[in-house]
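Here the structure is laid out as structure tokens; the discussion comes afterwards.
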Number of protein chains: 2
Amino acid sequence: MARTTSNPSKSLGEQAYARIRHEIISGVFAPDQPLRLAQLQERCGAGFSPLREALTRLAAEGLVVSESMRGFRVAPLSLDDLRDTMETRIFVEAEALWRSIERGGDEWEMRIVSSLHALGRQNERTQPDDPDSLAALEERHRDFHVALVSASGSRRLEQIIDNLYLGSVRYRMPSLSNMPSNPSRDLMAEHGAISEAALARDAARAVGLLTAHYRLTADVLSLAHSERMARTAGR
Amino acid sequence: MARTTSNPSKSLGEQAYARIRHEIISGVFAPDQPLRLAQLQERCGAGFSPLREALTRLAAEGLVVSESMRGFRVAPLSLDDLRDTMETRIFVEAEALWRSIERGGDEWEMRIVSSLHALGRQNERTQPDDPDSLAALEERHRDFHVALVSASGSRRLEQIIDNLYLGSVRYRMPSLSNMPSNPSRDLMAEHGAISEAALARDAARAVGLLTAHYRLTADVLSLAHSERMARTAGR
DNA sequence: AATCAAAAGATTTTCGAAAATATGTGTTTC
DNA sequence: GAAACACATATTTTCGAAAATCTTTTGATT
């Protein structure tokens with residue numbers, strides 16, 4: 001079979017999955033937007049079977065919703081879901097961070113240091129109007145937070161944290177592009193302080209700082225989401 | 001199209017998903033067993049597309065694993081996974097129970113009382129050699145534990161609890177059928193005590209009892225799993 | 001006997017036509 | 001005008017053949 005675009009040694013289903021996933025996260029597909037097979041077939045260059053497979057998988061992850069015999073839609077966003085997701089992240093990641101501080105070794109410390117460094121570098125070079133560099137920044141940001149909790153010793157907690165991150169990232173992406181440089185907030189300082197407390201094995205302080213970091217983020221995103229909803233409703 | 005078996009107003013994909021899910025949980029398909037499309041096609045009477053869709057969904061839920069270009073297998077079981085899953089259940093359900101005790105109203109209390117009652121009834125009439133009644137008992141057991149934490153107010157916690165239950169139920173099913181009546185354990189008494197503490201709004205006691213209940217279960221299941229592994233390895 | 005290559009076989013993955021279902025439009029009836 | 005029905009269109013869902021890929025067997029060579 002002739003691959004129209006490229007051959008990254010991945011099945012078409014995998015490619016379609018990755019692509020649709022990315023386009024939902026980055027907002028190309030808006031919340032609640034119907035995902036029609038014919039439309040995706042053209043866009044992804046794949047047949048029905050791999051597309052349905054990709055959508056089913058995304059539905060299981062919570063990025064799309066599927067109604068029997070009526071196809072798929074991008075999963076909706078809501079203020080309630082944002083708050084719930086962020087509070088649950090705090091609850092789970094606080095525990096995972098605590099355990100990581102107790103159990104983490106050199107590898108864990110190295111991962112924190114290096115991911116924090118990479119986050120800072122990407123932060124310097126990111127242009128607010130360049131979607132690619134924003135996506136890269138988000139990736140670094142995720143890597144840092146994953147690194148913090150990566151020594152919990154629990155595969156299950158890791159999976160839960162992954163899924164909760166996925167549930168929250170869609171609220172952040174539009175904020176990133178609309179808020180070039182946040183005035184009253186020094187994100188790198190917050191990240192640095194968390195990292196410092198974690199490496200000093202001060203679990204209580206690290207967890208407190210992480211919690212505050214997420215609560216602040218939740219507030220910022222809530223505001224941005226509400227404004228976006230108000231703007232969209234008036235169209 | 002002529003449905004060979006029945007028409008429960010569900011798509012073939014849904015049917016196949018429910019069936020394979022049930023057969024993995026109940027042990028018809030053993031851990032690590034390859035799931036070949038041709039075999040499933042015959043057994044489920046569905047074509048490739050709905051079957052792949054069902055398997056993809058089960059893979060996202062963690063019941064099967066998928067290797068690119070090499071198909072699907074039933075997800076393996078392990079002592080580590082069992083321990084991790086049960087400890088994570090304790091962590092998450094303890095929080096959800098605490099919140100439910102704080103927030104639950106009449107509906108929550110009614111749900112606990114009625115599901116406990118139904119669990120007791122099913123417990124009386126269950127025959128250890130009847131797979132159907134064992135499945136019904138497991139269903140009642142699940143309903144009771146879901147009821148306990150059903151007033152947490154967090155959709156995310158509920159989803160996590162659902163998924164963790166799914167991750168642990170496969171370890172319980174074989175134990176149920178091999179241990180007709182557990183000698184040193186009165187499960188109904190444990191459930192009754194948890195229910196009592198929850199309804200009395202004694203959060204600390206309820207959480208303590210629930211934790212002990214799950215720890216005991218984890219120990220029993222660990223033992224049973226180890227014995228099963230030893231027996232299987234020597235064949 | 002061990003090693004490797006090519007062929008044969010088995011299995012997964014993809015495609016597009018056909019069936020099943022949902023949605024929209026117009027017509028009739030009251 | 002509103003409800004009810006039939007028809008036409010749009011969309012999802014399913015099927016089975018064909019292509020792509022992996023696995024095993026065969027056979028030649030050292």
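All chains are named by letter (A, B, ...) in the order of the sequence lines, taking the proteins before the strands, and each is independently numbered beginning at 1.
- Between the CD atom of A:Glu53 and the P atom of D:dT14 there is a distance of 14 Å, given to the nearest Å.
- Between B:Tyr214 and B:His145, the distance from one ring center to the other falls under 6.0 angstrom.
- D:dT13 atom P lies 12 Å from atom CZ of B:Arg57, rounded to whole Å.
- Between A:Leu51 atom CG and D:dT13 atom C1' there is a gap of 13 Å when expressed in whole angstrom units.
- Taking atom CD of residue B:Glu14 and atom C1' of nucleotide C:dT21, one finds them 15 Å apart after rounding to whole Å.
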May I have the list of side-chain donor-acceptor pairs in residues 56-66 of chain A shorter than 3.5 Å, sequence neighbours left out?
residue : atom : partner : partner atom : Å
A:Thr56 : OG1  : A:Arg52 : O            : 2.7
A:Glu61 : OE1  : A:Tyr17 : OH           : 3.1
A:Glu61 : OE2  : A:Tyr17 : OH           : 2.6

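- For the pair A:Gln41 CD and D:dA10 P, the computed distance is 16 Å after rounding to whole Å.
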So which protein N/O to nucleotides 8-12 of chain C N/O distances come out below 3.5 Å?
residue : atom : partner : partner atom : Å
C:dT12  : OP2  : B:Leu37 : N            : 3.1

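- In this structure, A:Leu40 places its CG atom 13 Å from C1' of D:dT12, rounding to the nearest Å.
- Separating the NZ atom of B:Lys10 from the P atom of D:dT13 is a distance of 12 Å, rounded to the nearest angstrom.
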Give the C-alpha distance, both sets of side-chain angles, the deciding distance and a yes or no for side chain to side chain donor-acceptor pair (under 3.5 Å) between A:Ser49 and B:Ser49.
-> CA-CA 6 Å; A:Ser49 306; B:Ser49 307; 3.3 Å; yes
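- Residues that satisfy the side chain to side chain contact (heavy atoms under 4.5 Å, CB included) test with B:Asp219, not counting sequence neighbours, are absent from this structure.
- Summarising the geometry, atom OG1 belonging to B:Thr217 is positioned 6.0 Å from atom CZ belonging to B:Arg172; distances are rounded to the nearest 0.5 Å.
- Rounded to whole Å, the distance from CD on A:Glu42 to P on C:dC15 is 15 Å.
- Below 30°, between 30° and 60°, or above 60°: for B:Phe91 and A:Phe91 the angle between ring planes is below 30°, a parallel geometry.
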